[in-house]
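Single-structure report; data block below.
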Amino acid sequence: MESGPAIFAGAAFTLFGGALLLWTTVRTLHREPVVYGVAPGTAVALTSLFGAAFLVLGGWCFARL
């Protein structure tokens, strides 16, 4: 019975992390700001860090099944 919430959480975290990394990559390749009002290097580093963290968290949720 506990596998349903773990699958949902894993899917949500994985999709959000992947989308965040994809969005950051596209914005960076087009030389557009990732976050307005923040230094480009800081914005790319933080969004990449959080995107990777969400992917790892989603993988951890799937591993708990």
Side-chain angles (χ1 to χ4, degrees):
M1 212 44 163
E2 293 179 5
S3 64
I7 292 170
F8 177 76
F13 285 134
T14 304
L15 286 173
F16 181 74
L20 185 61
L21 287 174
L22 179 66
W23 180 78
T24 303
T25 303
V26 169
R27 297 288 289 190
T28 303
L29 289 176
H30 289 166
R31 305 239 186 250
E32 297 176 2
V34 176
V35 178
Y36 292 109
V38 179
T42 304
V44 169
L46 285 176
T47 55
S48 298
L49 176 73
F50 279 105
F54 278 112
L55 282 177
V56 168
L57 189 57
W60 179 78
C61 287
F62 285 131
R64 302 283 296 171
L65 293 175

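Index from 1, following the sequence. Not measured: the values here are computed from a predicted model.
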Table please: side-chain donor-acceptor pairs of residues 48-65 below 3.5 Å, with sequence neighbours left out.
{"unit_1": "Ser48", "atom_1": "OG", "unit_2": "Val44", "atom_2": "O", "d": "2.8"}

Pairs involving residues 4-19, ordered by first then second residue, that meet side-chain hydrogen bond (donor to acceptor under 3.5 Å, both in side chains) (sequence neighbours left out)
none
Under 3.5 Å, which donor-acceptor pairs do the side chains of residues 29-36 form with other protein atoms, sequence neighbours left out?
{"unit_1": "Glu32", "atom_1": "OE1", "unit_2": "Arg27", "atom_2": "NH1", "d": "2.9"}

